[in-house]
2 protein chains.
Amino acid sequence: MVRAGLTTGRLVRAGAELADEAGFDQVTLSALARRFDVKVASLYSHLRNSHDLRSRIALLALEELADRAADALAGRAGKDALGAFADVYRDYAREHPGRYTAARYRLDPETAAASAGVRIAQMTRAVLRGYDLSEPDQTHAVRLLGSVFHGYVDLESAGGFSHSAPDSQASWTWIVDALDTLLRTRPTP
Amino acid sequence: MVRAGLTTGRLVRAGAELADEAGFDQVTLSALARRFDVKVASLYSHLRNSHDLRSRIALLALEELADRAADALAGRAGKDALGAFADVYRDYAREHPGRYTAARYRLDPETAAASAGVRIAQMTRAVLRGYDLSEPDQTHAVRLLGSVFHGYVDLESAGGFSHSAPDSQASWTWIVDALDTLLRTRPTP
DNA sequence: CCATTTGCCTATAGGCTTTAGGAAAATGCA
DNA sequence: TGCATTTTCCTAAAGCCTATAGGCAAATGG
């Protein structure tokens, strides 16, 4: 009985690949076991259950997203930073649709609090530091950016903007420009 | 053998209620059969399969959303219309979280083209008629609004904005104000 | 080198989807 | 009204998924 060399990390990485290839909702312990040519029950030595697997993929995705964002923001400020940050979201979602879906998987509050999601929130605030916003406006702006980026990427991945002019890239650029303008010319209630 | 009086419509409405109570991903033929005290196989006389059920719930949700939007927009224009339209989304998602999730269920292209989603898109353009945008800006703006509304509501329903100041209503109002300002002062690339 | 831990297995049970085929209720037409 | 047809719901069964219990063999370490 030769061992397959399973580890939690290897399973999670394979799960992330599976998510990108087949969709996050196709990430099952059965599919994963098949991929490693192993019986399903064997996975339970490394993962508590299938929720555990999905959560870990979500954490991996958040880490990757945060790492990319950190890279992209290094040495940038103002609109430059805003655009780079926005592109990190969109590019990640396009390159890794399954992982991106995973990143929005509902985590228990403590898990979420210990996740890279916190880093992402901090970086969003860092981007906004290039604009002249004081509380509570800054928090409103954080929520606006989160909504736009997430919403756009979600609609785009659902095919909402394909097969219609103008192409998605043009809208994306326009929207980032618009957000920059908006944040510079402090919104007036 | 007394008949239960199943119809496709009744099943779909019950499925929508189930979605709101337990979550859209808990909408299964099994759960539905249980709710009608009927065997699962019986449902296949009224629904092709479980994807068919979910699609029909999605169509129902889109209809309801479009009807609400039509009501809300009647007699309104400009920022007034924008705010009312925005609130329709948010209120519907808060009152019917399962249905709202359903409204974003991936439909086959032809089904989507025949759905109330088309009406919603038209109404979005109607709202923008209150602003002075010509193509392709108008399309960009349609996509921006869709992204913000959808993204915000999604993050809010995921609990993203709860338990932190300022409260979600304040951010929502701020964001609608900001979008109005943005659309009035034509964005400059 | 042997005891312990670890990794993977078989067996089993329960839930969801889907199809096939059958019987009773409702319907409709002569 | 009576009988044929259609419709509705059923039982049975197969396939795939999650999850737990208990066992044997491989790795590890004193």
Side-chain angles (χ1 to χ4, degrees), chain A residues 1-60 97-99 101-102 105-108 111, chain B residues 1-60 97-99 101-102 105-108 111:
Chain A
M1 194 194 302
V2 172
R3 297 197 177 182
L6 304 181
T7 65
T8 302
R10 219 197 292 284
L11 287 170
V12 171
R13 280 190 295 276
E17 284 165 27
L18 185 58
D20 286 336
E21 291 162 19
F24 186 59
D25 49 344
Q26 297 303 309
V27 175
T28 66
L29 294 179
S30 291
L32 209 52
R34 238 174 275 129
R35 185 166 281 224
F36 281 93
D37 200 29
V38 136
K39 298 298 169 182
V40 180
S42 307
L43 304 185
Y44 285 85
S45 303
H46 307 277
L47 299 164
R48 257 204 313 284
N49 49 39
S50 81
H51 169 69
D52 186 34
L53 169 63
R54 286 188 280 268
S55 296
R56 287 174 188 275
I57 295 173
L59 291 173
L60 171 67
R99 283 160 149 98
T101 302
Y105 185 68
R106 193 80 129 113
L107 300 170
D108 359 359
T111 310
Chain B
M1 191 196 302
V2 173
R3 296 197 176 181
L6 304 181
T7 66
T8 303
R10 219 198 291 288
L11 288 170
V12 171
R13 280 191 296 276
E17 285 165 27
L18 185 58
D20 286 336
E21 291 163 18
F24 186 60
D25 50 343
Q26 296 304 308
V27 175
T28 65
L29 293 180
S30 290
L32 208 52
R34 239 174 274 131
R35 184 167 281 223
F36 282 92
D37 199 29
V38 136
K39 299 297 170 184
V40 181
S42 306
L43 304 185
Y44 283 84
S45 302
H46 306 278
L47 299 164
R48 257 205 314 284
N49 50 39
S50 82
H51 170 68
D52 186 34
L53 170 63
R54 286 190 280 266
S55 295
R56 286 173 188 274
I57 296 174
L59 291 173
L60 172 67
R99 282 160 150 97
T101 302
Y105 184 69
R106 193 76 130 118
L107 300 170
D108 359 359
T111 310

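All values below were derived from every heavy atom in this structure, side-chain atoms included, with hydrogens, water molecules and symmetry-related copies excluded. Each chain gets a letter, A, B and so on, in the order the sequences are listed, and its residues count up from 1.
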S.K.: Counting the atoms with a prime plus P, OP1 and OP2 as sugar-phosphate, which does B/Val40 contact under 4.0 Å by heavy atoms, base, sugar-phosphate, or nothing?
M.R.: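 The residue B/Val40 makes base contact.
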S.K.: With a cut-off of less than 4.0 Å, is there a side-chain N or O of A/Ser42 near OP1 or OP2 of C/dC9?
M.R.: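 A/Ser42 to C/dC9 OP1/OP2: side-chain N or O found under 4.0 Å.
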S.K.: Pick base, sugar-phosphate or nothing for B/Ser45, based on heavy-atom distances below 4.0 Å to the nucleic acid.
M.R.: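 Base contact.
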S.K.: Would a distance-only check, ignoring hydrogens and angles, find a side-chain to backbone donor-acceptor pair under 3.5 Å from A/Asn49 to A/Asp52?
M.R.: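 Answer holds: yes.
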S.K.: Which of these nucleotides, D/dT20, D/dC9, C/dC8, is closest to any side-chain atom of A/Leu6?
M.R.: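 Between D/dT20, D/dC9, C/dC8, the one nearest the side chain of A/Leu6 would be C/dC8.
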S.K.: What is the separation between atom CG on B/Leu43 and atom C1' on C/dC16, rounded to the nearest whole Å?
M.R.: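 My rounded result for the distance is 12 Å.
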S.K.: Look at B/Arg34 and C/dG15 and indicate whether a side-chain polar atom (N or O) is within less than 4.0 Å of OP1 or OP2.
M.R.: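 Indeed not, no polar side-chain atom of B/Arg34 lies that close.
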S.K.: Rounded to whole Å, how long is the line connecting atom CG of A/Leu11 with atom C1' of C/dG7?
M.R.: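 To the nearest whole Å, that distance equals 12 Å.
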S.K.: Roughly how many Å is it from NZ in A/Lys39 to C1' in C/dA11, rounded to a whole number?
M.R.: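 For the pair A/Lys39 NZ and C/dA11 C1', the rounded distance is 12 Å.
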S.K.: Evaluate the side chain to side chain contact (heavy atoms under 4.5 Å, CB included) criterion for residues A/Phe36 and A/Leu11: first the C-alpha distance (whole Å), next the side-chain angles of each, then the deciding distance (0.1 Å), finally the verdict.
M.R.: CA-CA 9 Å; A/Phe36 281 93; A/Leu11 287 170; 3.6 Å; yes
S.K.: Send over the distance from A/Asn49 CG to D/dC17 P, rounded to a whole Å.
M.R.: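 After rounding, the reported distance stands at 17 Å.
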S.K.: For the side chain of A/Thr28, counting heavy atoms from C-beta on, which of C/dT18, C/dA11, D/dT18 is nearest?
M.R.: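 Comparing C/dT18, C/dA11, D/dT18 against the side chain of A/Thr28, the answer is D/dT18.
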S.K.: What is the distance, rounded to the nearest whole Å, between atom OH of A/Tyr44 and atom C1' of C/dC8?
M.R.: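 Nearest whole value for this atom pair: 15 Å.
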S.K.: Give one of base, sugar-phosphate or nothing for B/Ser50, where a contact means two heavy atoms less than 4.0 Å apart.
M.R.: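 Since only primed, P, OP1 and OP2 atoms lie under 4.0 Å of B/Ser50, the category is sugar-phosphate.
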S.K.: What is the distance, to the nearest angstrom, from the CD atom on B/Gln26 to the P atom on D/dC17?
M.R.: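 Atom CD in B/Gln26 sits about 18 Å away from atom P in D/dC17.
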S.K.: Looking at D/dT7, I'd like to know if its phosphate oxygens (OP1 or OP2) sit under 4.0 Å from a side-chain N or O belonging to B/His46.
M.R.: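 For D/dT7, neither OP1 nor OP2 has a side-chain N or O of B/His46 closer than 4.0 Å.
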S.K.: Hey, are A/Arg54 and A/Ser50 close enough side-chain-wise for a donor-acceptor pair under 3.5 Å?
M.R.: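 Judged by distance alone, the side chains do pair up.
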S.K.: Please check if the side chain of A/Thr8 supplies one atom and the backbone of A/His46 the other of a donor-acceptor pair under 3.5 Å.
M.R.: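 Yes, because the side chain of A/Thr8 sits within donor-acceptor range (under 3.5 Å) of the backbone of A/His46.
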S.K.: With a non-hydrogen cut-off below 4.0 angstrom, is A/Ser30 in contact with a base, only sugar-phosphate, or nothing?
M.R.: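 Base: the residue A/Ser30, judged by heavy atoms under 4.0 Å, touches a nucleobase.
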S.K.: Compute the ring centroids of B/Tyr105 and B/His51, then answer whether they are less than 6.0 Å apart.
M.R.: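 Yes, the ring of B/Tyr105 comes within the 6.0 Å limit of the ring of B/His51, centre to centre.
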S.K.: Measure the distance from CZ on A/Phe36 to P on C/dC9 and round it to the nearest whole Å.
M.R.: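 Distance, rounded to whole Å: 13 Å.
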S.K.: Could you state the atom-to-atom distance from CZ of A/Arg10 to P of C/dG7 in whole Å?
M.R.: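 Answer to the nearest Å: 12 Å.
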